[in-house]
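Please read all numbers here as calculations on a predicted model, not as lab measurements.
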Amino acid sequence: MAITSFYFLCFYSIVFLLYYLVPKKMQWPVLLVASVTFYLLGDQVWLLIFPVGTGTVCYVGGRVLAWQKERKRKKGELRLTLVLTLCGTIGVLFALKYVNFIIYTYNGIVALFQGLPPVGSDLSGGINGSFNEGLVSILPDGVAVLGISFYTLSMLGYVIDIYYEIGQVSRNYFKFLLYGLFFPTMISGPVMRYSQMAEELYQPHSFDYKRITRGFQRMLWGFFKKLVISERAALVVNTVFNDHGQYEGAFYWLAAMFFVIQLYTDFSGCMDIVLGIGETFGINMPENFRTPFLSRSISEYWRRWHITLGAFMKDYVFFPLLRSGMFNRLGQFL
């Protein structure tokens with residue numbers, strides 16, 4: 001269900017009304033049910049098992065880590081629990097996003113060596129059914145489920161924070177599922193942190209007219225960016241790149257410039273809609289863009305573009321690597 005579709009707006013309107021009609025202590029269960037329903041309204045209902053499965057693995061992993069720390073278990077046991085949890089979670093992400101890609105790439109190479117055109121693919125294992133040596137796809141096309149990268153990174157950050165004792169552990173399985181499956185973030189993020197979002201998601205929120213209207217205004221701005229600016233820029237981009245033989249020179253530069261505009265307004269427009277929805281629920285979510293094209297340097301530009309992903313990579317990938325023994329030994333060697 002596209003975030004700009006009429007059906008999504010109907011769905012959101014129902015959730016919004018229920019959210020403020022039920023008792024305040026029931027607001028977070030309404031959001032959880034809405035998030036599960038959002039998945040169930042998709043074409044493939046069974047795909048819900050993946051986010052729920054990932055959430056279960058990370059919830060159990062976090063509880064086990066907390067239990068081990070309370071009983072002062074050895075560091076090796078803690079590290080083993082962390083590694084198993086991360087491998088299980090990342091393994092699902094890798095399988096859903098890249099297994100078919102690897103299979104189709106292999107099939108394309110086989111077809112190329114057989115002198116067949118590597119065009120298209122099917123689920124029987126062949127390229128257009130024209131050769132027999134291809135691998136059979138083990139997953140249906142399009143199985144990279146909605147929001148998998150965003151909720152996977154959010155849940156990984158939760159487990160890593162518990163391991164390093166910089167985050168709290170969730171004692172309620174269903175509240176944790178809401179953190180991972182909060183339906184607006186399934187579209188395009190942002191990557192959230194449990195320490196920042198726990199109170200925002202679970203605490204009761206009163207009907208605040210000013211805050212709600214501010215959220216609606218941001219949603220409208222997002223719709224304008226995505227449906228007006230991005231879609232119009234796409235006309236130029238598609239016209240040139242889909243018929244590149246008819247154009248040359250300045251037309252390519254023009255199309256490239258419009259592609260940048262299309263990409264930014266499409267992504268940031270989605271984020272404005274998502275953050276506006278959160279605002280109408282009384283929930284503050286982290287910003288993902290801060291006018292990146294007004295940056296004065298490349299490094300500043302990347303700090304303003306997809307902020308939550310950059311923060312995740314910095315805090316959970318780059319800094320731990322730089323502090324690791326491998327890099328320390330490499331520094332001494334150099």
Side-chain angles (χ1 to χ4, degrees), residues 1-6 8 42-43 93 96-113 115-123 126-130 134 137 139-150 186-191 220-274 288-295 297-310 313:
M1 192 189 321
I3 196 171
T4 55
S5 68
F6 173 75
F8 178 82
D43 295 332
L93 174 66
L96 293 177
K97 290 183 74 73
Y98 300 113
V99 165
N100 278 2
F101 172 77
I102 295 172
I103 290 174
Y104 294 153
T105 300
Y106 171 81
N107 289 347
I109 294 173
V110 171
L112 185 64
F113 277 101
L116 300 172
V119 179
S121 59
D122 58 34
L123 300 182
I127 301 295
N128 294 333
S130 54
S137 173
L139 295 170
D141 286 335
V143 77
V145 296
L146 182 66
I148 182 171
S149 298
F150 302 113
M186 291 290 100
I187 307 298
S188 56
V191 179
L220 287 174
W221 175 234
F223 281 118
F224 177 78
K225 289 166 70 174
K226 184 167 175 61
L227 296 178
V228 179
I229 302 177
S230 180
E231 292 297 325
R232 297 302 176 270
L235 294 176
V236 178
V237 175
N238 295 335
T239 298
V240 175
F241 290 158
N242 291 343
D243 193 15
H244 55 83
Q246 301 297 319
Y247 299 94
E248 60 183 17
F251 291 101
Y252 287 115
W253 286 102
L254 181 65
M257 292 173 59
F258 272 89
F259 177 71
V260 173
I261 296 173
Q262 176 194 356
L263 179 65
Y264 172 70
T265 52
D266 183 84
F267 195 2
S268 65
C270 278
M271 288 307 311
D272 286 327
I273 298 172
V274 169
N288 225 12
F289 293 92
R290 294 189 188 278
T291 56
F293 295 117
L294 298 180
S295 303
S297 64
I298 296 298
S299 61
E300 183 182 355
Y301 170 83
W302 287 115
R303 288 196 300 270
R304 295 180 172 205
W305 178 282
H306 211 331
I307 299 170
T308 57
L309 177 61
M313 297 300 294

Exercise for the section: Please name the residue in the list Ile3, Thr265, Thr4 that meets the side-chain contact (heavy atoms from CB on, under 4.5 Å) test with Cys270. Expected result: Ile3
Practice task
For the residue pair Leu309 and Met313, establish whether any side-chain heavy-atom pair is separated by less than 4.5 Å.
Solution key: yes
Practice task
Would you indicate whether Phe223, at its atom CZ, is surrounded by more than 12 heavy atoms from other residues, nucleotides or ligands within a distance under 6.0 Å?
Solution key: yes
Exercise for the section: Indicate yes or no: at least one non-hydrogen side-chain atom of Leu294 is less than 4.5 angstrom from one of Arg304. Expected result: yes
Handout entry: Distance, nearest 0.5 Å, that separates OG of Ser295 from CH2 of Trp302
Key = 10.5 Å
Exercise for the section: Mind checking the CG-CD1 spacing from Asp266 to Ile229? Nearest 0.5 Å is all I need. Expected result: 11.5 Å
Fill in the blank from the handout: Minimal heavy-atom distance between Phe241 and Ala256, with the atoms involved, is CZ-N, 4.2 Å
Practice task
Working to the nearest 0.5 Å, report the span between OG1 of Thr308 and CZ of Phe289.
Solution key: 8.5 Å
Practice task
Quick one: sort the Tyr301 and Phe293 rings into parallel, tilted or perpendicular, breaks at 30° and 60°.
Solution key: tilted
Fill in the blank from the handout: Taken to the nearest 0.5 Å, the spacing of Gln262 CD from Leu235 CG works out to 9.0 Å
Exercise for the section: Check whether any side-chain N or O of Tyr252 sits under 3.5 Å from a backbone N or O of Tyr247 as a donor-acceptor pair, and report yes or no. Expected result: yes
Handout entry: Spacing of Thr291 atom OG1 and Tyr264 atom OH [to the nearest 0.5 Å]
Key = 6.5 Å
Problem - Asn238 side chain vs Ala234 backbone, donor-acceptor pair below 3.5 Å - result: yes
Practice task
Measure the NZ-CG distance between Lys225 and Asp272 for me, rounded to the nearest 0.5 Å.
Solution key: 4.0 Å
Exercise for the section: Please say whether more than 12 non-hydrogen atoms of neighbouring residues, nucleotides or ligands are located less than 6.0 Å from CZ in Phe251. Expected result: no
Practice task
Could you tell me which non-hydrogen atom of Ala2 sits nearest to which non-hydrogen atom of Phe8, and how far apart they are?
Solution key: O-CB, 3.2 Å
Practice task
Provide the closest heavy-atom pair for Val274 versus Ser188 in the form atom of the first, atom of the second, distance.
Solution key: CG2-OG, 4.3 Å
Practice task
Please tell me if the side chains of Leu220 and Phe224 come closer than 4.5 Å, counting only heavy atoms from C-beta onward.
Solution key: no
Problem - Closest approach of Arg232 to Leu227 (non-hydrogen atoms, all atoms of both residues) - result: NH1-O, 3.9 Å
Handout entry: Minimum heavy-atom distance Met271-Pro190, with the two atoms named
Key = CE-CD, 3.4 Å
